[in-house]
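One structure is given below, encoded as C-alpha coordinates.
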Amino acid sequence: MEAEVSCLLQKLTILILANLIHGMVIEVTAIYKKAIGDKVLSIESYAYSAWIQLEKTFLWPNYMQVKEEGLIDQTTTYEKWLQDNNYGAVAGFDTDKFEVVRQGRTTAYNKAKFVNTIQKEILLS
(Lines give C-alpha, C1' and ligand atoms only; values in the text may rest on other atoms or scores of the structure.)
Protein backbone atom coordinates (compact mmCIF):
# COMPACT_ATOMS: atom_id res chain seq x y z
CA MET A 1 0.00 0.00 0.00
CA GLU A 2 2.79 2.41 0.91
CA ALA A 3 4.58 1.64 -2.35
CA GLU A 4 1.38 2.35 -4.32
CA VAL A 5 0.92 5.71 -2.59
CA SER A 6 4.56 6.59 -3.25
CA CYS A 7 4.19 5.64 -6.91
CA LEU A 8 1.01 7.69 -7.19
CA LEU A 9 2.71 10.71 -5.61
CA GLN A 10 5.63 10.34 -8.03
CA LYS A 11 3.26 10.28 -11.01
CA LEU A 12 1.38 13.30 -9.70
CA THR A 13 4.64 15.19 -9.17
CA ILE A 14 5.79 14.34 -12.70
CA LEU A 15 2.42 15.45 -14.08
CA ILE A 16 2.64 18.80 -12.31
CA LEU A 17 6.28 19.36 -13.25
CA ALA A 18 5.60 18.43 -16.87
CA ASN A 19 3.01 21.18 -17.09
CA LEU A 20 4.96 23.98 -15.46
CA ILE A 21 5.35 26.87 -17.86
CA HIS A 22 7.17 29.94 -16.66
CA GLY A 23 5.86 29.38 -13.15
CA MET A 24 2.27 28.78 -14.28
CA VAL A 25 0.61 25.39 -13.84
CA ILE A 26 -1.65 24.34 -16.69
CA GLU A 27 -4.79 22.72 -15.36
CA VAL A 28 -5.01 19.81 -17.78
CA THR A 29 -7.89 18.25 -15.86
CA ALA A 30 -9.88 21.49 -16.11
CA ILE A 31 -9.16 21.65 -19.85
CA TYR A 32 -10.40 18.06 -20.28
CA LYS A 33 -13.57 18.82 -18.30
CA LYS A 34 -14.17 21.92 -20.45
CA ALA A 35 -13.80 19.85 -23.62
CA ILE A 36 -16.30 17.32 -22.24
CA GLY A 37 -18.67 20.14 -21.20
CA ASP A 38 -18.41 21.77 -24.65
CA LYS A 39 -19.17 18.33 -26.18
CA VAL A 40 -15.97 18.38 -28.20
CA LEU A 41 -14.82 15.21 -26.45
CA SER A 42 -16.99 12.46 -25.06
CA ILE A 43 -16.03 10.25 -22.14
CA GLU A 44 -16.90 7.20 -24.24
CA SER A 45 -14.57 8.17 -27.08
CA TYR A 46 -11.80 9.83 -25.06
CA ALA A 47 -11.39 8.41 -21.56
CA TYR A 48 -9.45 10.74 -19.27
CA SER A 49 -6.43 8.43 -19.06
CA ALA A 50 -6.29 8.05 -22.86
CA TRP A 51 -6.61 11.80 -23.42
CA ILE A 52 -3.88 12.52 -20.83
CA GLN A 53 -1.60 10.11 -22.68
CA LEU A 54 -2.40 11.88 -25.97
CA GLU A 55 -1.81 15.24 -24.34
CA LYS A 56 1.59 14.26 -22.91
CA THR A 57 2.95 12.41 -25.93
CA PHE A 58 1.45 14.37 -28.83
CA LEU A 59 -0.45 17.58 -28.06
CA TRP A 60 1.99 19.28 -25.68
CA PRO A 61 5.09 18.50 -27.81
CA ASN A 62 3.31 19.77 -30.93
CA TYR A 63 2.23 22.97 -29.19
CA MET A 64 5.81 23.61 -28.11
CA GLN A 65 7.10 22.90 -31.61
CA VAL A 66 4.71 25.22 -33.44
CA LYS A 67 5.36 27.91 -30.87
CA GLU A 68 9.16 27.55 -31.21
CA GLU A 69 8.91 27.64 -35.00
CA GLY A 70 6.77 30.77 -34.88
CA LEU A 71 3.83 29.12 -36.60
CA ILE A 72 1.40 30.53 -34.02
CA ASP A 73 1.17 33.84 -32.22
CA GLN A 74 3.53 33.74 -29.26
CA THR A 75 0.74 34.97 -26.98
CA THR A 76 -1.44 31.95 -27.78
CA THR A 77 -1.95 29.96 -24.62
CA TYR A 78 -1.87 26.19 -24.52
CA GLU A 79 -5.55 26.09 -23.58
CA LYS A 80 -6.48 28.33 -26.54
CA TRP A 81 -4.33 26.26 -28.90
CA LEU A 82 -6.01 23.06 -27.66
CA GLN A 83 -9.42 24.62 -28.15
CA ASP A 84 -8.51 25.76 -31.68
CA ASN A 85 -7.27 22.25 -32.43
CA ASN A 86 -10.37 20.47 -31.16
CA TYR A 87 -8.56 19.24 -28.02
CA GLY A 88 -6.84 16.66 -30.21
CA ALA A 89 -10.10 15.05 -31.31
CA VAL A 90 -10.57 14.18 -34.94
CA ALA A 91 -13.94 15.55 -36.05
CA GLY A 92 -16.35 12.83 -37.13
CA PHE A 93 -14.05 10.05 -35.94
CA ASP A 94 -16.06 7.09 -34.71
CA THR A 95 -13.86 4.96 -32.47
CA ASP A 96 -16.41 2.12 -32.54
CA LYS A 97 -15.85 1.63 -36.26
CA PHE A 98 -12.09 2.15 -36.15
CA GLU A 99 -10.14 -0.88 -37.28
CA VAL A 100 -6.39 -1.28 -37.34
CA VAL A 101 -5.23 -2.23 -40.82
CA ARG A 102 -1.91 -3.95 -41.24
CA GLN A 103 -0.05 -3.39 -44.46
CA GLY A 104 1.01 -6.68 -45.98
CA ARG A 105 3.38 -5.36 -48.61
CA THR A 106 6.12 -2.83 -48.25
CA THR A 107 6.83 0.13 -50.48
CA ALA A 108 10.01 -1.55 -51.71
CA TYR A 109 8.01 -4.63 -52.74
CA ASN A 110 5.46 -2.53 -54.60
CA LYS A 111 8.20 -0.53 -56.36
CA ALA A 112 10.03 -3.68 -57.44
CA LYS A 113 6.80 -5.21 -58.73
CA PHE A 114 5.96 -2.02 -60.65
CA VAL A 115 9.45 -1.76 -62.21
CA ASN A 116 9.43 -5.43 -63.20
CA THR A 117 5.95 -5.10 -64.73
CA ILE A 118 6.93 -2.01 -66.73
CA GLN A 119 10.14 -3.61 -68.00
CA LYS A 120 8.32 -6.76 -69.07
CA GLU A 121 5.65 -4.75 -70.93
CA ILE A 122 8.28 -2.64 -72.69
CA LEU A 123 10.10 -5.75 -73.81
CA LEU A 124 6.86 -7.22 -75.15
CA SER A 125 5.94 -4.11 -77.17
Side-chain angles (χ1 to χ4, degrees):
M1 172 97 171
E2 190 174 313
E4 291 173 3
V5 171
S6 177
C7 183
L8 183 61
L9 285 174
Q10 273 185 324
K11 288 180 180 180
L12 183 59
T13 303
I14 291 169
L15 179 66
I16 291 170
L17 290 175
N19 286 313
L20 280 175
I21 305 175
H22 306 293
M24 183 179 87
V25 177
I26 296 174
E27 293 292 334
V28 181
T29 303
I31 294 171
Y32 176 78
K33 287 179 181 177
K34 183 177 181 340
I36 295 294
D38 292 346
K39 298 188 185 324
V40 176
L41 300 178
S42 70
I43 295 172
E44 295 81 24
S45 298
Y46 290 91
Y48 179 72
S49 58
W51 188 81
I52 286 295
Q53 183 67 24
L54 175 70
E55 190 271 333
K56 295 289 171 235
T57 60
F58 183 75
L59 298 172
W60 175 252
N62 279 307
Y63 168 73
M64 292 305 293
Q65 182 178 1
V66 296
K67 196 164 187 173
E68 286 173 10
E69 293 177 5
L71 299 173
I72 60 172
D73 184 359
Q74 295 300 305
T75 61
T76 303
T77 65
Y78 184 50
E79 185 173 356
K80 174 69 173 137
W81 182 83
L82 279 172
Q83 187 177 15
D84 292 346
N85 287 283
N86 232 17
Y87 299 95
V90 178
F93 182 72
D94 186 0
T95 55
D96 293 337
K97 295 179 183 175
F98 181 73
E99 182 179 329
V100 176
V101 178
R102 299 187 189 272
Q103 183 177 2
R105 296 181 176 162
T106 65
T107 303
Y109 173 84
N110 290 335
K111 180 180 176 185
K113 185 175 179 183
F114 175 75
V115 169
N116 289 338
T117 302
I118 295 297
Q119 289 174 349
K120 287 177 186 175
E121 288 179 9
I122 292 173
L123 293 174
L124 295 174
S125 314

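This one's a predicted model, so the numbers in the text were calculated from it and none came from an experiment.
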Check the angle between the aromatic planes of Tyr32 and Tyr48 and answer parallel, tilted or perpendicular using the 30° and 60° thresholds. perpendicular
Test your reading of the model: is there a side-chain donor-acceptor pair from Thr76 to the backbone of Ile72, 3.5 Å cut-off? no
To the nearest 0.5 Å, tell me how far Glu27 CD sits from Lys34 NZ. 14.5 Å
All heavy atoms of Ile52 vs all of Val28, minimum pair found to be CD1-CG1, 3.4 Å
Rounded to the nearest 0.5 Å, how far apart are NZ of Lys67 and CG of Asp73? 8.5 Å
Correct closest heavy-atom pair for Gly88 and Leu54 would be O-CD2, 4.0 Å
Minimum heavy-atom separation for Leu59 and Leu82, please, with both atom names. CD1-CD2, 3.7 Å
Separation between CG (Asn85) and CG (Asn62), nearest 0.5 Å, reads 9.0 Å
Approximate separation, where rounding is to 0.5 Å, of Lys80 NZ and Tyr63 OH: 12.0 Å
Name the orientation class of the two ring planes belonging to Tyr78 and Trp60 (parallel below 30°, tilted from 30 to 60°, perpendicular beyond 60°). perpendicular
Polar side chain donor-acceptor pair, Gln83 to Glu79, under 3.5 angstrom: no
Is the distance between the ring centroids of Tyr46 and Trp51 under 6.0 Å? no
